[in-house]
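Input: a single structure, listed below in structure tokens.
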2 protein chains.
Amino acid sequence: MMRSSKGARPQASMGDVAVLAGVSLGTVSHVLNHPDRVTPATAEKVLRAMAMLSYVPNGNARSLAAGSSTAVGMVLPDLSNSLFIDVARGAETAAERAGYTLMIANSNTRLERESQHLRTFTQARVAGILLTLNDSEHFAAIADDDPTTTPTVMLNLAVPRSQFCSVSVDNQSGGHLATSHLIETGRRRLAFVGGPSSLEPVQHRATGFAHAVREHGVEHVRTINPAGVNRADGWESGVALLPQVLDGLIDGVVAATDLLAAGIVQALSSEPRLRVPEDVAVVGYDNNQAAWDSPIPITTIAQPGEEMGRVGTELVLNEAQRSADHVHRSVVLTPTLVVRRSTQHPGAPRNDGARGGSS
Amino acid sequence: MMRSSKGARPQASMGDVAVLAGVSLGTVSHVLNHPDRVTPATAEKVLRAMAMLSYVPNGNARSLAAGSSTAVGMVLPDLSNSLFIDVARGAETAAERAGYTLMIANSNTRLERESQHLRTFTQARVAGILLTLNDSEHFAAIADDDPTTTPTVMLNLAVPRSQFCSVSVDNQSGGHLATSHLIETGRRRLAFVGGPSSLEPVQHRATGFAHAVREHGVEHVRTINPAGVNRADGWESGVALLPQVLDGLIDGVVAATDLLAAGIVQALSSEPRLRVPEDVAVVGYDNNQAAWDSPIPITTIAQPGEEMGRVGTELVLNEAQRSADHVHRSVVLTPTLVVRRSTQHPGAPRNDGARGGSS
DNA sequence: CTCACGCCTTGAAGCGCTTCAAAGCGTTCG
DNA sequence: CGAACGCTTTGAAGCGCTTCAAGGCGTGAG
């Protein structure tokens with residue numbers, strides 16, 4: 001059906017529909033919100049009128065009168081990290097299932113944008129907010145100064161359960177998992193490549209690494225903490241590691257992110273005398289695209305991103321719907337190991353696939 | 001400042017603020033919207049009262065009364081495609097600069113979700129909508145049945161300029177660019193790897209390829225159209241191409257996406273007698289992460305994603321603010337060539353870098 | 001045949017805010 | 001000294017919708 005060419009007539013309101021259908025305003029509203037209270041005949045009359053006028057209910061007026069909204073807001077720190085994309089996807093699915101709509105706002109890890117978006121969501125009176133943060137300092141700043149009464153759950157950061165629900169992944173156990181895998185596949189002389197100390201998840205992964213090393217009594221040869229956790233930082237770390245690897249002093253590397261791992265693999269492979277995984281195994285973290293796409297696919301720790309989004313949404317909606325008897329909870333999810341070439345014995349079957357899209 | 005522990009008091013309203021400040025409701029409103037009409041002393045009194053009550057204006061009531069909103073909605077088809085992430089980033093920047101907030105909704109390329117999100121945005125009375133689509137069939141369905149009066153601009157798809165503004169990238173010229181690059185670097189016997197015919201952008205790239213081949217009078221040896229445009233499809237296509245490449249019948253391949261190109265490079269490289277780019281050059285499309293991350297970094301066509309988002313936002317805001325004298329425009333942006341190893345002469349400097357994020 | 005009971009439908013009272021005409025007031029000008 | 005003017009502040013009228021008490025009306029029971 002083509003757009004009706006009524007020109008610049010503002011928008012049909014519920015009143016217009018009522019007049020056209022020959023019923024009262026209240027009845028029109030009931031057709032939308034309590035169809036059971038209305039005679040089928042009446043309902044049909046009204047629906048026909050709505051169609052005729054291309055009526056679109058005004059969500060603002062609705063939320064205002066009803067005092068509630070059907071949207072859930074989500075603040076994401078980084079759209080280029082596939083973990084957060086997964087989180088968004090899980091949240092979207094859960095929200096849709098519950099009849100809500102997910103609105104995503106991107107902060108680019110800027111504290112200022114984070115609280116700005118929080119404010120916008122609060123003003124819009126969304127049903128709940130999913131706040132995804134990377135950095136515990138940002139959390140502190142936000143928790144102190146944005147006294148939101150909107151149900152909010154923290155994603156990706158474990159927080160004192162006082163004010164919010166939270167859903168996070170156990171980074172320490174992930175670090176432990178990665179390290180144990182290396183050890184179980186025969187590596188004995190390990191290095192850890194981490195990152196800046198402000199990144200809480202990275203620190204926890206380091207702790208997990210340390211525990212595993214101690215438990216198994218293998219050698220912790222070296223730790224590098226580059227300024228960032230991207231590919232370039234990985235490359236540099238790999239170069240730094242090279243001499244010891246060549247001397248056989250290091251036979252396994254645990255990297256705190258996949259990007260780091262990819263850079264490390266790249267650096268190590270650039271040395272012709274070295275082969276990954278035969279001479280040195282590398283394991284990453286996050287199950288990012290970079291881990292699939294690496295020339296040598298990289299073993300990694302997969303974070304249950306979708307689950308995080310799903311659980312977070314369920315928690316926030318629970319709080320929104322039953323705020324009375326809602327109790328804040330901190331859910332901690334467990335990451336899983338994904339084995340690929342970078343840690344496998346030669347000749348083992350190669351894991352391949354794609355995560356990407358098209359244009 | 002800690003959250004005031006007033007318990008479950010609903011929310012302070014503008015009226016409460018007015019009473020506390022000892023002024024009228026209208027004055028409080030003016031403090032927010034027309035600070036110039038209010039005495040500094042009064043303003044301060046009001047602001048103090050707001051702080052005291054943790055007052056958060058109700059955006060719904062605001063938009064309702066004012067008849068306008070300060071949000072821009074964006075519908076994205078695929079969060080895992082870095083092109084769209086770039087678009088979102090550009091849009092976000094432009095929206096922020098204009099004092100608007102960008103709300104992103106993800107449709108996962110599902111028509112049903114697309115129109116659902118459109119409806120939500122329309123109901124929320126956002127100032128404008130950025131509709132990003134992949135598929136011209138979806139456009140047809142949506143244009144016909146969603147008679148939105150909200151300013152809307154189409155992104156990524158060139159559409160008849162009748163109903164909407166649109167911003168798209170000239171895929172034909174991109175295909176031409178990629179092909180010419182191959183020819184200019186000495187390739188003479190070319191193959192094209194495309195995709196399903198429903199993907200309009202891919203078809204345009206094919207057209208550009210064909211034109212370039214004809215213009216330069218080089219040989220168009222073969223076209224393959226796999227069922228998809230992902231890495232796996234690329235691998236299969238690469239395998240199919242292998243015999244002819246080995247026989248020297250093909251010395252250059254234009255792929256319709258980077259994922260395809262990555263798969264092709266992978267397949268070709270698995271043949272020890274073959275070297276990329278010495279024996280065969282490969283060029284991709286999109287400037288996705290996969291093109292950076294490939295063992296042999298892949299020359300590609302970069303789409304101006306951020307610019308697309310920025311221009312789209314400017315158009316939609318223009319229409320929202322000056323709908324009277326707004327004229328629909330179709331902006332077509334030009335893609336650019338990014339040269340990497342996969343098409344370069346041996347010994348040429350290697351282009352490296354990273355696009356990724358952290359966790 | 002009448003009364004009461006249910007089911008639909010109606011009308012009116014807000015939801016919290018913007019805005020505009022009108023009222024207050026301290027000044028300036030004649 | 002009074003009129004006129006400009007700047008603040010006020011009060012009230014909605015914005016479009018939900019909801020709830022109240023009104024109509026058809027039906028079954030007495």
Side-chain angles (χ1 to χ4, degrees), chain A residues 9-47 49-50 53-71 119-120 122-127 149-150, chain B residues 9-47 49-50 53-71 119-120 122-127 149-150:
Chain A
R9 186 161 46 69
Q11 283 263 2
S13 79
M14 202 168 247
D16 302 332
V17 174
V19 170
L20 213 189
V23 299
S24 87
L25 211 170
T27 301
V28 177
S29 175
H30 283 151
V31 171
L32 253 31
N33 303 305
H34 307 280
D36 49 307
R37 293 188 198 164
V38 158
T39 294
T42 311
E44 207 201 338
K45 238 182 356 188
V46 171
L47 290 173
M50 285 181 174
L53 295 172
S54 302
Y55 169 68
V56 178
N58 183 320
N60 289 314
R62 263 186 128 161
S63 309
L64 177 57
S68 72
S69 142
T70 179
R119 210 172 313 131
T120 305
T122 309
Q123 294 189 3
R125 297 294 194 270
V126 296
T149 61
T150 307
Chain B
R9 186 160 48 67
Q11 284 262 1
S13 79
M14 202 168 247
D16 302 332
V17 174
V19 170
L20 213 188
V23 300
S24 85
L25 211 170
T27 301
V28 177
S29 175
H30 283 152
V31 170
L32 253 31
N33 304 304
H34 307 278
D36 49 306
R37 293 188 197 164
V38 158
T39 294
T42 310
E44 207 201 338
K45 237 181 355 184
V46 171
L47 290 173
M50 287 182 174
L53 295 171
S54 302
Y55 169 68
V56 178
N58 183 319
N60 289 313
R62 266 187 123 161
S63 309
L64 177 58
S68 73
S69 142
T70 179
R119 210 172 312 130
T120 304
T122 310
Q123 293 185 183
R125 299 295 194 269
V126 296
T149 61
T150 307

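The chains referred to below are lettered A, B, ... by the order of the sequence lines, with proteins before strands, and numbering in each begins at 1. This one's a predicted model, so the numbers in the text were calculated from it and none came from an experiment.
Taking CE from M50(B) and CG from D16(B), the interatomic distance works out to 11.5 Å, rounded to the nearest 0.5 Å. In this structure, NE2 on H30(A) lies 10.5 Å from CG on L25(A), to the nearest 0.5 angstrom. In this structure, OG1 in T150(B) is found 10.0 Å from CD in Q123(B), a value given to the nearest 0.5 Å. Expressed to the nearest 0.5 Å, how far OG1 of T122(B) lies from CG of N58(A) amounts to 11.5 Å.
Distance CG (L64(B)) to P (dT18(C)): 11 Å, rounded to an integer number of Å. As rounded to whole Å, 11 Å separates atom C1' of dG16(D) from atom CD of Q11(A). In this structure, CG of N33(B) is placed 11 Å from P of dC17(C), rounded to the nearest angstrom. Atom C1' of nucleotide dT8(D) and atom NE2 of H30(B) are separated by 10 Å, given to the nearest angstrom. The interatomic distance linking Q123(B) (CD) with dC15(D) (P) rounds to 20 Å, in whole Å. Straight-line distance from the CG atom of L32(A) to the C1' atom of dG16(D): 12 Å, rounded to whole Å. Atom CE of M14(A) is separated from atom P of dT19(D) by 11 Å (rounded to the nearest Å). Between the NE2 atom of H34(A) and the P atom of dC17(D) there is a distance of 15 Å, rounded to whole Å.
Taking only side-chain atoms of R62(B), from C-beta outward, the nucleotide of dT9(C), dC17(D), dT18(C) with the closest atom is dT18(C). In the set dT18(C), dT10(D), dT18(D), dT18(D) carries the atom at the smallest distance from any side-chain atom of L25(A). Of all nucleotides listed (dG16(D), dC17(C), dT19(C)), dC17(C) comes nearest to the side chain of A65(B). Distances were taken from every side-chain heavy atom of N58(A) (C-beta onward) to each of dC17(D), dT18(D), dC20(C); the shortest belongs to dC17(D). Between dT9(C), dT18(D), dC17(C), one nucleotide has an atom nearer to the side chain of P57(B) than all others, and that is dC17(C).
When each of G26(B) and N60(B) is assigned the nucleotide of DNA chain C with its nearest heavy atom, N60(B) is the one assigned upstream, toward the 5' end. Nearest-nucleotide positions on DNA chain D for A66(B) and A66(A) put A66(B) closer to the 5' end. Comparing A61(B) and G22(B) by the nucleotide of DNA chain D whose heavy atom lies nearest to each, the residue mapping closer to the 5' end is G22(B).
Using a 4.0 Å heavy-atom distance criterion, S63(A) is classed as making no nucleic acid contact. At the heavy-atom level, V38(B) lies under 4.0 Å from the strands shown only through sugar-phosphate atoms. Here V23(B) lies in heavy-atom contact (under 4.0 Å) with sugar-phosphate atoms only.
Put simply, S13(B) has no side-chain N or O that comes within less than 4.0 Å of OP1 or OP2 on dG16(C). In this model, the phosphate group of dT10(D) is approached by a side-chain N or O of T27(B) to a distance below 4.0 Å at OP1 or OP2. Between T39(A) and dC7(C) there is no side-chain N or O to OP1 or OP2 distance below 4.0 Å. Distances shown here put a side-chain N or O of S29(B) below 4.0 Å from the OP1 or OP2 atom of dT18(C).
The two residues S69(B) and R125(B) come nearest to each other via the heavy atoms CB-O, 3.1 Å. The minimum heavy-atom distance between A21(B) and V46(B), with the atom names listed, is CB-CA, 4.0 Å.
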